[in-house]
Amino acid sequence: MATEIELKLALPRSAAPHLGRHRLLAPLPAVSHTLQNTYYDTPDFALQRRGVALRLRRRGKTWLLTVKSTEPAVGGLAARSEWEAAAQPGVWDFGHVDDPKLRQDLEGIAPRLTALFTTHFRRRAWTLSYGRSRVEVALDLGTIASGERSEALAEVELELLAGERCDLFALARELQATLPLCPASASKAERGYRLFLGEPKQPCKAKIPPLSRDLTPIAAFQHIASACLDQLQRNLGGLAPQCDPEYLHQARIALRRLRSALKIFARTLPQGFAAPWSAAFRPLAAALGDARDWDVFFGETLPPIVAAFPQDHGAGHLPAAAGRCATRAANALRRQLAGPDHPRLLLDFTAALASLPSASADLEAFARAALNRQSRQTRRLARRHAVLSDAERHRLRIRIKKLRYTLECFATLLPRRRLKPYLAALAQLQDELGLANDHVTALELLHRLPARHRSGPVLGWLHGRHALLLAEQAEALETWLAQSKPWKRK
């Protein structure tokens with residue numbers, strides 16, 4: 001078995017001719033191949049469920065059979081197990097797979113294997129020495145197809161042939177200086193399965209990786225941050241050409257979870273890691289927040305209010321004014337994502353994440369301490385709920401949200417009997433505080449519009465509704481306070 005370590009980077013097809021002209025590659029000979037690949041699985045997708053891809057590749061007169069694992073490329077970086085050997089079409093010989101259980105499973109399903117999709121592309125590759133490593137830079141241009149469905153393929157892969165991962169990132173940064181390369185997460189196999197199934201691209205919701213007790217806190221952080229980064233990348237990719245509300249919502253959740261994880265694990269991470277990286281993501285968080293606030297105001301908060309005051313002149317003009325603001329916020333976000341700083345940020349954070357040092361510590365003890373510390377801080381503020389200002393109530397909402405994220409991160413280490421009702425109470429609190437915050441945000445956004453759009457009836461409705469929501473929160477807060485006792489060893 002070999003371990004394939006590579007960085008996958010998306011490249012606009014229009015920029016592809018410029019790759020070979022880069023100063024690092026221009027002096028080197030390029031090797032070109034046309035590669036025809038067919039991916040196989042059983043009708044019930046036994047391989048996909050196991051996280052395995054099976055590919056039969058034709059390169060000229062040569063046929064290769066490849067079995068590989070399908071872990072996602074986080075920040076573009078993928079490390080996958082791979083078994084490859086010469087093959088003959090129609091003959092399934094898995095003798096080269098040195099994992100006995102996997103080989104036995106493959107031999108068992110061989111009679112049921114069927115072709116699902118193909119990739120057909122021209123690969124142009126350069127091999128170079130960089131730092132202390134040897135790296136293959138491959139440019140793939142072609143198509144992925146299943147039946148009548150197909151989509152274009154244009155990507156660059158930096159494969160580590162020998163050496164250290166840090167050189168892959170350094171090389172990618174140097175290529176990024178003149179090329180619009182952005183880390184990509186979806187593999188060719190993942191895209192092919194989606195085509196075969198006819199599945200449209202969907203917003204990606206949070207997937208909390210299960211943590212085992214033998215992990216160190218730093219290793220746990222790497223798992224959690226990688227999941228957040230994967231969710232962020234996949235949803236940001238869905239914001240072009242239009243700022244779809246659900247992609248926007250999920251991207252904002254992903255970034256909030258990531259920045260929360262940086263704070264949760266700050267005490268165990270190397271000094272000078274958490275705060276600078278949280279600050280580095282702040283401009284993206286601000287752009288996502290502004291776009292999402294206007295989206296919620298325009299699409300959710302405003303319509304029922306305007307419908308309640310059909311005769312009010314100011315209310316009648318609000319949708320058009322708010323719509324223009326929402327469009328401006330969405331355009332500002334897209335400009336930020338299209339600029340060179342965004343892909344560099346993703347790549348640099350992935351490099352920093354991969355290079356974190358190993359350190360031994362008790363993850364369960366760390367989790368309990370983090371939860372109890374956050375719970376104390378949140379309880380202290382929640383007990384004063386009757387007299388909190390809007391700013392303090394917003395801070396309470398953020399603390400409750402971060403406490404919920406922390407509980408979900410460490411869920412596999414906590415007693416399930418207590419965790420389920422505790423999370424349910426937090427979710428209810430988060431929803432009720434979120435509704436109140438939407439009205440506070442709506443009032444703030446209204447005051448950012450020209451004075452002629454500040455309808456008296458609308459402002460009065462928002463203030464009244466906000467006061468009613470605050471009254472309803474008291475019971476939910478008291479319920480949670482009664483449950484939020486210290487967390488002890490499972």
Side-chain angles (χ1 to χ4, degrees), residues 2-31 71-80 82 121 123-141 153-188 190-191 222 225-226 228-234 236-237 258 273 276-277 280-281 283-284 336-356:
T3 299
E4 178 189 58
I5 300 173
E6 68 178 21
L7 266 176
K8 185 183 293 291
L9 304 165
L11 180 69
R13 188 175 284 267
S14 59
H18 300 289
L19 178 64
R21 300 172 195 158
H22 191 278
R23 66 174 189 83
L24 291 175
L25 303 182
L28 302 175
V31 178
E71 295 89 350
V74 177
L77 179 67
R80 300 184 175 111
E82 182 179 73
F121 54 88
R123 169 168 288 178
R124 194 176 179 209
W126 301 260
T127 302
L128 70 156
S129 296
Y130 192 89
R132 290 178 288 183
S133 304
R134 287 182 62 248
V135 180
E136 181 188 75
V137 179
L139 170 65
D140 294 343
L141 298 175
L153 172 66
E155 61 186 29
V156 174
E157 293 180 354
L158 310 185
E159 182 175 354
L160 186 64
L161 303 178
E164 302 175 0
R165 295 185 187 194
C166 60
D167 288 329
L168 279 185
F169 290 105
L171 173 57
R173 289 190 201 99
E174 199 159 345
L175 293 174
Q176 275 186 329
T178 58
L179 294 162
L181 292 163
C182 187
S185 55
S187 67
K188 296 181 181 73
E190 180 184 335
R191 295 170 64 185
Q222 288 173 312
S226 295
C228 295
L229 188 61
D230 183 56
Q231 184 193 7
L232 177 65
Q233 280 185 263
R234 290 175 183 274
L236 291 179
L258 177 57
F273 186 94
W277 278 113
F281 280 104
L284 177 58
Q336 187 175 135
L337 296 178
D341 291 342
H342 172 66
R344 289 173 192 161
L345 173 63
L346 295 180
L347 189 67
D348 287 348
F349 181 70
T350 305
L353 198 60
S355 63
L356 281 170

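Please read these numbers as outputs of a predicted model, since none were measured by experiment.
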More than 12 heavy atoms of other residues, nucleotides or ligands under 6.0 Å from CZ of Arg80: yes or no?
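Count over threshold, so yes.
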For Arg13, does the CZ atom have more than 12 heavy-atom neighbours from other residues, nucleotides or ligands under 6.0 Å away?
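Buried by this count: over 12 neighbours within 6.0 Å.
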Quick one: do [X] and [Y] make a salt bridge, cutoff under 4.0 Å?
X      : Y      : answer
Arg173 : Asp348 : yes
Arg123 : Glu155 : no
Arg124 : Asp140 : no

Sub-4.5 Å side-chain heavy-atom contact between [X] and [Y]:
X      : Y      : value
Leu181 : Leu347 : no
Pro343 : Pro183 : yes
Glu157 : Lys188 : yes
Val135 : Trp126 : no
Leu356 : Gln222 : yes

If you take all heavy atoms of [X] and [Y], which pair is closest and at what distance?
X      : Y      : value
Glu190 : Ser187 : N-OG, 3.0 Å
Leu353 : Ala225 : CD1-CB, 3.8 Å
Leu24  : Tyr130 : CD1-CE1, 4.0 Å
Leu141 : Ala16  : CD1-CB, 3.9 Å
Ser129 : Arg134 : OG-CG, 4.2 Å

From [X] [atom1] over to [Y] [atom2], what is the distance, rounded to the nearest 0.5 angstrom?
X      : Y      : atom1 : atom2 : value
Leu9   : Leu179 : CG    : CG    : 10.0 Å
Gln176 : Asp341 : CD    : CG    : 10.0 Å
Leu160 : Leu7   : CG    : CG    : 9.5 Å
Leu77  : Lys8   : CG    : NZ    : 11.5 Å
Ser133 : Arg165 : OG    : CZ    : 11.5 Å
Arg234 : Ser185 : CZ    : OG    : 4.0 Å

In terms of relative ring orientation, are Phe349 and Trp277 parallel, tilted or perpendicular, with 30° and 60° separating the classes?
perpendicular
